[in-house]
Structures are given as C-alpha cells and as structure tokens.
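The structure appears right after this line, and notes come after that.
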Amino acid sequence: MSSVEWEEDDPFEEQRDKIENPMKRLFLAYGRDYLPQVTVGILASVFARLLDLLPPLMLGIAIDAVFYEDAPFSEQIPLVLLPDAWLPTGQTEQFWFTIAVIGGAFGIGAAFHWIRNWGFNAFAQNIQHDVRTDTYDKMQRLNMEFFSDKQTGEMMSILSNDVNRLERFLNDGMNSLFRLSVMVVGIGVLLFWINWQLALVALLPVPIIGGFTYIFIKTIQPKYAEVRSSVGKMNSRLENNLGGIQVIKSSNTEPYESDRVDDVSMDYFDANWDAIKTRIKFFPGLRVLAGIGFVVTFIVGGLWVFQDAPPGPFTGDLSVGMFVVFILYTQRFIWPMAQFGQIINMYQRARASSARIFGLMDEPSRLAEDPDAEDLVVGDGDVVYDDVSFGYDEETIVSDIDFEVEGGETLALVGPTGAGKSTVLKLLLRMYDVDEGSIRIDGQDVRDVTLKSLRRSIGYVGQSSYLFYGTIRENITYGTFEATDEEVREAARAAEAHEFIENLPDGYDTMVGERGVKLSGGQRQRVTIARAVLKDPDLLILDEATSDVDTETEMLIQRSLDRLTADRTTFAIAHRLSTIKDADTILVLEGGEVVERGTHEELLDNGGLYAHLWGVQAGEIDELPQEFIDRAQERTARLIENAESDDD
Ligand code: ADP
C-alpha cells in the first residue's frame, strides 16, 4: 500500500488532524495516574547518574592528593564542600577513603539503577495497558462501517503497533533523556569547576556533533519513511497472496506471483539499503569528531601538565589527576550527545502513535445512545417499519420500507442479491440508524431504548456463523454465560447439534474456532442456532441461516428453527424460497424497495418477481418470460459494475 493510498484509506484521519498535542494529552490523561512511579524513576535516575560520575573524579583525586601528594586532599573538588573534620589526613586513610567512596558509588548506584528501571517500566507498562484497554473499548463501540477489511487492519495496527511503540519512548526514551540531562549538566558543571579553560577546549566538538546529528536525522527520516511504506506494500502483497493461494494455484500463476513478490521485496531492499548507507556513515563520522575532540584535549591538557599553561588565554595549573578526569569525562560526554537524535526519533514516533490512538478514540459514534434511554420492554413483540429509508453513504440503499409484523409472526425478506435485505434487518439491530422514518418494537422507537436492552432482545443467526476460539460450550453460552450444562444440551438438541457435538473428541469441551477443530459450515451454523435458542430472545433474525448446509441438514435445521420461531417474532432472509414459504408475510425487495408483499400463495398467484424466482428454483427455467431474464442480466451487470468500482 503506497503512502498516498494509505492516507486515503485512513479512517481516523479527520479526528487525528484535530489533535494538537498528543503527547501532552497522553501524559495528562494517562500519565497522571502513575505520577508516583515516574517521580521515583526520575529521582532515582538523577541520583544514579550523579553517582556514576564519582568514580572517575575520585581516581583523579587519588592521583593528585594520595599517590603524588601534590595537592591537599581536602581542597579537591568536590571534597572541598565537606567539613575538614570528616576527611582523613593520613595517606593510607585517604587511599581507603577513596576506595570506600568509589565502592559506595557503585553499590548505591546499582540500587538506584534498579529503582530507576522499576519506576520507568512501571510507568510505561501501566500507561500502555490502560491505553490499550481504553482503545479496545472504544473500538467496540465504533459504528459498523469501520469494520470492513482494510479498516480492521488499521485498527489492529493501532491496537498493537502504536500502543506498543509508546513503551519505547515512555521507558527507553525518558530514561535516556534523564541520563543525558544529568550527564550534560553534571559533567559540564564539574569540568568548568575544575578548569574552565580546558573545559571550553574539551567541549568544542559538542556543537559540531550536535549539527552533525541534526543533519543525520534530517537525512535519514525520509528514508525511514520510505522503508516503512515499502514494508507496508510488501506485507499487503504477502497477505493478499496467502489469502488467495487457492486462486494462484488453480490459475497456475505461481511464477507471476513470485515475480510480483520479488518486485516488492526488491523495493524494500532498495529503500532499506538507502537508509543503511546513511546510517553506517553516521557512527564512524561521530567517532572521527569525538576522536578529534579527544586528541585536541589531550594535546592541550597534556602540554599543560608537563610544560606549562599553553600560550593564549590559558592560565594556572593543571594536575595529572585532573587531566585524567577531563579525558574520562569528555569520553562520557560525547557519546550520549549522539543519542539525542535517537530520543528525538523515539519521541516523534511516540507522538505519531499517540495521535493515531487518540484519532481512533475521538471518532464520534453516529449511534449515540440517548442519555435518557430506557430499557426496551417487549410484550407481544410487534414490529413496525414506518417509511424507513437508509444509505451507508450518500447513496440511498433502501427506501420507503413500510410494514408491520405482529408479535409471534414470521416475516420473510426475499429478492436478488444486493436488494437490501440484510440492510433492512441491520437497522432493526441498530447497527446503523435510519436516515428517514422509524422502526418501533411494541411502540418503542429503537433509537430511544438502550442498545444493550435492544440487542439482548434480538437473536441473530447470520450467514457466516463465526465461532470464537474456545470450547463448543463457551460458544453456545456466549452472551448467556450463566446457563447450566443441562440448558446448553437442551439448546443444542433443539438446534439438531447435540449429536454431532457428542461425537467430537471432547464433546462439549472440544476447542473450536480459529486454531481449534474445524467444523463444517452446517455444524457451525447449528452451534450458532443453539446459541440463539439458549438466549431465548423476544425477536429473532435469521439471515440466510441455512445457506451453508446440504439439503438433508437443512431439513433438520428447518425443523429446529420452526420450533425456535414458533411463537417469536421472526425475520428471515432466505435465498432458498422453500425455507420461508410458510412465513406469514413475504416481502419481495428489489433495488432497495418493496416490490411485492403477501403470502406464498398470494405471490405465486400474482405472477411477479417472486413467482419467477420460485419458478427458477423449481427448475422451470425454460418457462421464464424473456423480460425476467433480461432484468436478471441487468442486475448482474450492475452488481459486477459496483464490485469493480469498489475495487478501484
Ligand atoms: P442483500 O442482503 O439483499 O444481498 P445488502 O443489504 O447486503 O443486500 O446490500 C444492499 C446494498 O448495500 C448492496 O449494494 C451493497 O453493496 C450495499 N452495502 C451493503 N453493506 C454495505 C456497507 N457496509 N457499506 C456500504 N455499502 C453496503
């Protein structure tokens, strides 16, 4: 997927663009709860880094004041800050004192490092967990239009990649940031304190390294963007091919596909190689700069030590010990500078990820629940569609749908593919809101009741019977978690599923769904029917409930469905008209409109679309009027056209 397409497909772009400062929002909304952890982390980090600075300094002191005895111990930086009474005077005592300070710095430093890691990790992990669960909760409440293929990919990527990327900055990034700050400030202060003139020399490469790093980031960033985009394209291609492997094999296009994969992989290679070429120049370049700084400091400092203050602005003395301290500190100072780039990089990535996360979270729900909504109360189960019109986008898909179903009756929707049958029923479940008109259940508008009570009252058995990864029992009790084993068995019996379940390796405890035992379409369907039976809803929607099964199983299921629908208001969509011919009312839809309505017999007598469809299914193709065939061809052509324009 190219970056341009990506932008276009991006479902949350609009909200994301409105977010001004995602990192501030992240810290305010989520960081606050973990303030103690991050405070502990920051304090421990500062102490740990300060303690890290002690050993080199003590080494310098030991050289000057203990080994060479050229300078008074108590006047050394930073010992001068301590009262003389605390400091030993004898050479041996001073030696052991120095060792004790170095040992103590390592020991206590280690403890602080542990606390620092604990604090930052606790901070990062907790925020990550909270953000992930909040994003998931929000995602579940998004409108159905977000759940098409491309967009679920995008949501998956937000939930995993983006959320996980926060950790990099919240833990590693912030850690480095404080280390760097303490190093820069701490070492800077000490160097200037010891010898400000030499400090200037030693820090000379710092601005140059800063500039060099800046140029590096500017150069590498577009290259990384290119790498990410080519990875995206490659993954799409691979996913696509794995999904379509059957088509590839059956059309003998393996070599063609291998070439296509070769192409995208090569693009990825090129983009990566381009970035690598820049990256591998950076560190050697940095080494050269750091080396120059080192050599210059060594020359100036070295000459100063064994001759005298070099000509120019340099005055005073430089001891061997302090010279060593300078050399050690400059080394520690230069390298972290190079990490600034990385921190900025991590920050920017975390910022982009936060913006994507909040973009999703801010997506308004078109299906806002009325704050005063009350629970739906179903009595008889009368359902009224009052002049309903609706379109997913601007285009109207169903219009002027007007009908009434009395409690306990069955209403069937038939018509060609794409006529709008499923759409009509999705409106009842309030997957979408009607654009015009209203839908009422026992006089209550579906928009005025709580979504929870509405969906609890309606059972749905759809075309694709999706099973969750889990046991058969869990799949049947899904949504009716408190059911007893006996009730589960009863429901399975009613759905004609009990027998095949008993024959599975672990019976009701057999794992099914993705990664579990593969059930046939018909078996899956019966499990979902059992789920609906167990739920015992007031209203029932059967959306091509027997589409996936052979005629014999269909007969069995039909029997169980008849039992299920007997005294429940039922809506049934079916292609096989034989399954709905006993419905109380049949609505025939075409192009989003009701073109005929009546009972099976009435419609047959009518001799319209229904009678023709019935004729086709009864095998009377030869007797169909030409007009019917023409219309069917027109419809198919339209469907193909639509499908093609969807692909564009
Ligand atoms: P049927 O159930 O009669 O086969 P549908 O209700 O599924 O028909 O679809 C009716 C029309 O609505 C079709 O043209 C289809 O392309 C379109 N449609 C269905 N679902 C969506 C959706 N989520 N977004 C946009 N258009 C859709």
Side-chain angles (χ1 to χ4, degrees), residues 8-12 139-155 363 365-367 385 388-403 411-437 439 458 460-466 525 540-548 570-577 579-580 583 585-597 603 608-610 612-614 616-617 631-648:
E8 276 172 2
D9 289 339
D10 196 333
F12 307 111
M139 189 203 78
Q140 282 191 135
R141 282 180 280 119
L142 285 175
N143 296 339
M144 278 310 286
E145 61 248 34
F146 286 103
F147 296 89
S148 67
D149 281 353
K150 276 181 197 157
Q151 303 188 348
T152 42
E154 173 70 4
M155 282 193 272
E363 186 59 43
S365 194
R366 242 198 338 179
L367 288 175
Y385 272 57
V388 168
S389 297
F390 167 78
Y392 293 97
D393 308 306
E394 265 85 82
E395 190 195 354
T396 305
I397 295 285
V398 293
S399 50
D400 306 323
I401 307 290
D402 198 64
F403 63 80
L411 176 109
L413 292 166
V414 302
T417 307
K421 305 178 294 287
S422 305
T423 304
V424 167
L425 295 187
K426 280 182 206 159
L427 297 174
L428 180 65
L429 272 168
R430 218 180 152 210
M431 294 289 180
Y432 302 90
D433 269 341
V434 299
D435 293 333
E436 277 169 47
I439 300 174
I458 305 178
Y460 179 86
V461 182
Q463 324 186 353
S464 51
S465 355
Y466 184 78
Q525 201 116 27
L540 187 67
I541 295 179
L542 304 175
D543 188 349
E544 312 255 15
T546 54
S547 61
D548 258 356
T570 303
F571 297 82
I573 296 180
H575 270 301
R576 273 187 243 173
L577 301 182
T579 57
I580 50 95
T585 315
I586 299 172
L587 291 188
V588 185
L589 257 73
E590 195 184 6
E593 287 175 31
V594 179
V595 290
E596 287 177 65
R597 66 179 78 201
L603 292 172
L609 180 57
Y610 182 86
H612 294 317
L613 289 172
W614 182 260
V616 176
Q617 295 195 358
R631 264 166 58 195
Q633 275 171 345
E634 239 173 67
R635 269 196 304 269
T636 328
R638 252 204 324 270
L639 276 180
I640 293 171
E641 231 170 67
N642 283 350
E644 277 171 356
S645 63
D646 281 355
D647 281 350
D648 286 345

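One-based numbering along the sequence shown. All ligand and atom numbering here is 1-based and tracks the order in the structure.
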Can a non-hydrogen atom of Gly418 be found less than 4.0 Å from any atom of ligand 1?
yes
Strictly under 4.0 Å, does any heavy atom of Tyr432 approach an atom of ligand 1?
yes
Please list, in number order, the atoms of ligand 1 under 4.0 Å from a heavy atom of Thr423.
5 (P), 6 (O), 9 (O), 10 (C)
Nearest heavy-atom approach of Val434 to Phe390 is CA-CD1, 4.4 Å
Taking heavy atoms and a distance under 4.0 Å, where does Ile397 meet ligand 1: side chain, backbone, both or neither?
side chain
Between ligand 1 and Thr417, is the shortest N or O to N or O distance under 3.5 Å?
no
Would you confirm whether Asp435, through its side chain, and Gly391, through its main-chain N or O, come within 3.5 Å as a donor-acceptor pair?
yes
Can you name the nearest heavy-atom pair linking Leu589 to Lys421, along with the distance?
CD2-N, 4.0 Å
Does a donor on one side chain sit under 3.5 Å from an acceptor on the other, for Tyr392 and Thr423?
yes
I'd like to check whether Lys421 has a polar contact with ligand 1, where a contact means an N/O of the residue lying under 3.5 Å from an N/O of the ligand.
yes
If you look at every heavy atom in Val398 and Ala419, which pair is closest and at what distance?
CG1-O, 4.5 Å
